[in-house]
Amino acid sequence: MLTDLNPTQREAVLYNEGPLLVIAGAGTGKTKVITNKIAYLIKELGIPSENILAVTFTNKAADEMLKRVTLLVGKAGKGIWIGTFHSIALKMLRRDGHLLDLPANFSVIDQDDRLGLLRDILKNLNIDSKKYPPKIYLNLISNYKNTLEFVDEIPLTFEEYKFDEVFKMYQYALKSMAVVDFDDMLSLVVRLLKRNPELKYFYRDLFKYVLVDEFQDTNSIQLEFLTNIVDKDGKITAVGDDDQSIYGWRGAEIKNILNFETYFPNTKVIKLVDNYRSGFNILDTANRLIANNKYRKGKDLRPFKDATGEVFVHRFENEIEEAQFVANKISDLLAKGISPDEIAILYRANAQSRNFEVELNKMGIHFKVLGGVGFYGRREIKDILAYLRLFSNPYDIQSFKRAIKVPHRGVGDVTVEKIAQFAMDNGLNIWTALKEFSSQFSPKVRSAIDGFIAVFDGLEEVSVSEMIKNIVERIDYESFLNQYEDQFEAEKRMDNVNELVNAAVQLEEQGVLTLADFLATTTLQTSSDEDADGFVRLMTIHSAKGLEFDTVFLTGLEEGVFPLYRAMENEWEMEEERRLCYVGITRSKERLFITHVDRRLFYGKAQFLKPSPFIFEIKSMFDKKRTEEKVFHEKFGEGKVLKIEGSGEDARVTVNFQRYGYKTIIAKFLKFV
DNA sequence: CAAGTTTACCTTTTT
DNA sequence: GGTAAACTTG
């Protein structure tokens, strides 16, 4: 079993005396180490799978890991606890949340609804949401919950923000709606463990072996969670790479990995630096870039693969040409027989995907856009889910407000707002509120409300997938869509709704049977978790973390776009951007295309852009190596290289010819001697 | 007071 | 180029 591991990898698998930190550079086989370690624990050491906890960064990574473990140990791996911090936390809260007075069927509010809720609160408190956008509050609240203390970054105008009041109202609303937000899930679990030591010891005993992937992206709450469920001499294996820490903005603490020994004093550290993924030039490029960072432990990846790897830098006039180039190149690659699964287009921000989508469509290339507005974030899905959420948790006023308005049934904003207020003020669930408030309705509204209530008739009898079908039919969602959208759009949305039914059926087959579990799963499922087999993938670099492809297009390397303007003034943020670029580069195995443009549209307006500083950092060594090199040209004879723009055979090379002086020549007409 | 229409605002990155 | 708030109409 351990035969295809190298000595350091094997050491990491075999060391099970106490805390272990594996610093694993990109492509050094970190997933292999984790899966083999789990297999080793189960098969060789005979550890029951229930005693193993594996934490991953995404649901997809969790699925993938379980698949690989199953391949190694078969059914013996079935009971393993595997998932993201959030999904593990949810499982624990479902089990023991009552100790914190959490209602049994609490639901999870998604980011979108949090924003909507904050919008309502700001309106209520007469806070000008132009001056103080809800988003700011979302961040403040998130930071607060994640650090459990107010941090320095909180602006001086803090008082003006009325943060205290907003926060209190926000918490009150969550409580009365019986929902928790993303940040709560972790902090509540930590609270649970702290207040109930017997529970803490229960889990310490249960999780005899804990493995954490992508440790560089854990935040302080997550670390606190870990130190609660693992003794300081416990058998925890943390795997990560400080050079790939790209979630600082989300509260990730790079110091968690840099100071791991502080939390687990008797830690053994193993470094994996043999890279099996990328060709030499790609690795060289990555190493050169990341060497510009100051705040790092410092390591160079060693090439192990017997391949050169190709790195190209291409410059274009605008984003359309960039997209056309990428689409053409992909078409060539596909024609050569390269699988679409091995091709990815990466960018800094989701908004950049559009042009690629257009050009790929023109070429008839099948692709999938991952991330951005995910499946469960789509309007039609949220509409249907609102019904389900309300049915599962009748205190969920936000969902009521959405559901009652889809389709229009003669109950408008004003009435809805009144009902919502009445329910909130009196702590009533929606059904009771509607009943008690019904005397104030006009006959028209009353019959509309009756119709609304009737939608839920008998739903408790059927499975989740049947519920969805029933709701969609009863509200005649299809007609609603057709009324407001053109046929094509309406059909697309209906397809998505049917896809939701499929998702429910699938989850039912996997044993997710209750509505509450279904809803929680959908909320925790992100768009990056979607399946894209057989498609070219488009995604942000953030969502590409942990993935690898033969060919990677790293696009939009312009000052202000990547790195972002706002990051450029700040050394620390700049380093995170650089790490992000490093992650992007190291996704590629054989070919890496880096592209940048001279101008790009921002909200419909053209902006001129300089190439990203990262391009210069990457190229400087290459330039130096090649500058002063002697070249020969058929017509101009011998000369010395001064500057190279672009790369590959199309690069423009400025040469000082002995007899003809300075000339700029396309590289393919030059012979390097 | 509800539904339809126009304007404003926007763009980091995500569990 | 898309959505949600603001505005208008019936």
Side-chain angles (χ1 to χ4, degrees), chain A residues 55-62 83-90 108 110-112 114-116 119-120 122-123 129-130 133-135 138-139 142 145-146 181-186 214 217-219 221-222 245-252 346-355 357-358 370-374 376-379 382 404-405 407-418 441-442 444-445 448 483-484 489 520 523-529 539-545 556 560-567 573 576-577 579-581 583-584 600-605 607:
Chain A
V55 188
T56 58
F57 198 70
T58 63
N59 293 294
K60 195 178 184 176
T84 60
F85 277 104
H86 287 86
S87 66
I88 304 276
L90 182 71
V108 182
D110 69 26
Q111 231 38 359
D112 233 41
R114 279 177 94 175
L115 220 50
R119 223 172 262 134
D120 291 350
L122 296 190
K123 211 183 266 173
S129 63
K130 290 245 162 61
K135 245 190 176 163
L138 189 63
N139 283 332
S142 227
K145 287 187 174 179
N146 276 310
D181 63 26
F182 273 100
D183 304 311
D184 284 336
M185 298 176 70
L186 289 161
E214 308 281 10
D217 287 318
T218 53
N219 63 26
I221 284 270
Q222 290 164 339
S245 161
I246 53 175
Y247 283 92
W249 52 274
R250 207 174 74 185
L346 308 183
Y347 35 77
R348 176 68 240 265
N350 283 305
Q352 284 163 254
S353 72
R354 167 143 284 102
N355 295 296
E357 295 177 50
V358 172
L370 301 176
V373 180
Y376 292 105
R378 296 199 173 121
R379 203 178 66 210
K382 294 207 74 178
I404 187 96
K405 281 184 255 186
H408 299 303
R409 38 166 65 84
V411 184
D413 288 339
V414 182
T415 310
V416 171
E417 222 35 67
K418 273 188 203 155
F441 295 146
S442 67
K444 218 176 101 192
V445 171
Q483 191 185 338
Y484 293 97
E489 193 66 21
T523 311
L524 293 186
Q525 198 96 48
T526 64
S527 43
S528 312
D529 295 324
M539 64 188 117
T540 62
I541 305 161
H542 279 94
S543 8
K545 191 172 78 156
V561 175
F562 189 19
L564 295 166
Y565 275 122
R566 55 201 311 176
E573 284 179 42
E576 182 152 312
E577 295 284 311
R579 289 194 292 268
L580 188 59
C581 189
V583 168
R600 185 181 285 281
L601 295 180
F602 283 91
Y603 345 80
K605 287 217 160 126
Q607 275 216 277

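All heavy atoms count here, side chains included; hydrogens, waters and symmetry mates do not. Each chain gets a letter, A, B and so on, in the order the sequences are listed, and its residues count up from 1.
For a distance-only test at 3.5 Å, the side chain of A:R379 fails to qualify as a donor-acceptor partner of the base of C:dT3. For A:Q111 and B:dT14, a side-chain-to-base donor-acceptor distance below 3.5 Å is absent, hydrogens and geometry of angles not being considered.
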Shorter than 3.5 Å, N or O on both sides, protein versus nucleotides 4-6 of chain B: list them out with atom names.
from: B:dG4; atom 1: OP2; to: A:Y484; atom 2: OH; distance (Å): 2.7

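Taking the salt bridge (Lys or Arg N to Asp or Glu O under 4.0 Å) definition, one finds that A:R348 meets it with A:E577, sequence neighbours left out. The ring-ring contact (aromatic ring centres under 6.0 Å, His included) check on A:H86 picks up A:F182, with sequence neighbours excluded. Partners of A:R600 under the side chain to side chain donor-acceptor pair (under 3.5 Å) rule, at least two apart in sequence or in another chain, are A:E322, A:E558. Applying the salt bridge (Lys or Arg N to Asp or Glu O under 4.0 Å) rule to A:E357 yields no partners; only residues at least two apart in sequence or on another chain are considered. By the side chain to side chain donor-acceptor pair (under 3.5 Å) test, A:D110 is found to be paired with A:K382, residues two or more places apart in sequence or in another chain being considered.
Using bins of under 30°, 30° to 60° and over 60° for the plane-to-plane angle, the ring pair A:H542/A:Y247 lands in the perpendicular bin.
Side-chain proximity of A:L564 to the nucleotides C:dA4, B:dT12, B:dA2 is greatest for B:dT12. For A:H542, the listed nucleotide lying nearest its side chain is B:dT14; candidates were C:dA5, B:dA2, B:dT14. Among B:dT14, C:dG1, B:dA2, the nucleotide with an atom closest to any side-chain atom of A:T540 is B:dT14. Ranking B:dT15, B:dT13, B:dA2 by closeness to the A:V414 side chain, first place goes to B:dA2.
The ring of A:Y247 does not lie on top of the base of B:dT14; it is either too far (5.5 Å or more) or too tilted (30° or more). An aromatic stacking contact links A:W249 with the base of B:dT13, defined here by ring centres under 5.5 Å apart and ring planes under 30° from parallel.
Looking at which nucleotide of DNA chain B each of A:V445 and A:A351 is closest to, the 5′-most match is held by A:V445.
Within the 4.0 angstrom heavy-atom criterion, no nucleotide atom of any strand lies near A:K405. Across all strands shown, A:A349 has heavy atoms under 4.0 Å from sugar-phosphate atoms exclusively, and none from any base. Across all strands shown, A:S442 has no heavy atoms under 4.0 Å from either base or sugar-phosphate atoms.
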Side chain to side chain donor-acceptor pair (under 3.5 Å) assessment of A:D183 paired with A:S142: CA-CA 6 Å; A:D183 304 311; A:S142 227; 2.6 Å; yes
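In this structure, A:R119 atom CZ and B:dA8 atom P are separated by 17 Å, rounded to whole Å. Following rounding to the nearest Å, A:L138 (CG) and B:dT13 (P) show an atom-to-atom distance of 14 Å.
When the side-chain nitrogen and oxygen atoms of A:K418 are compared with OP1 and OP2 of B:dC1, one or more of them lie within a distance under 4.0 Å. Between A:N350 and the phosphate of B:dT14, there is a side-chain N or O to OP1/OP2 separation shorter than 4.0 Å.
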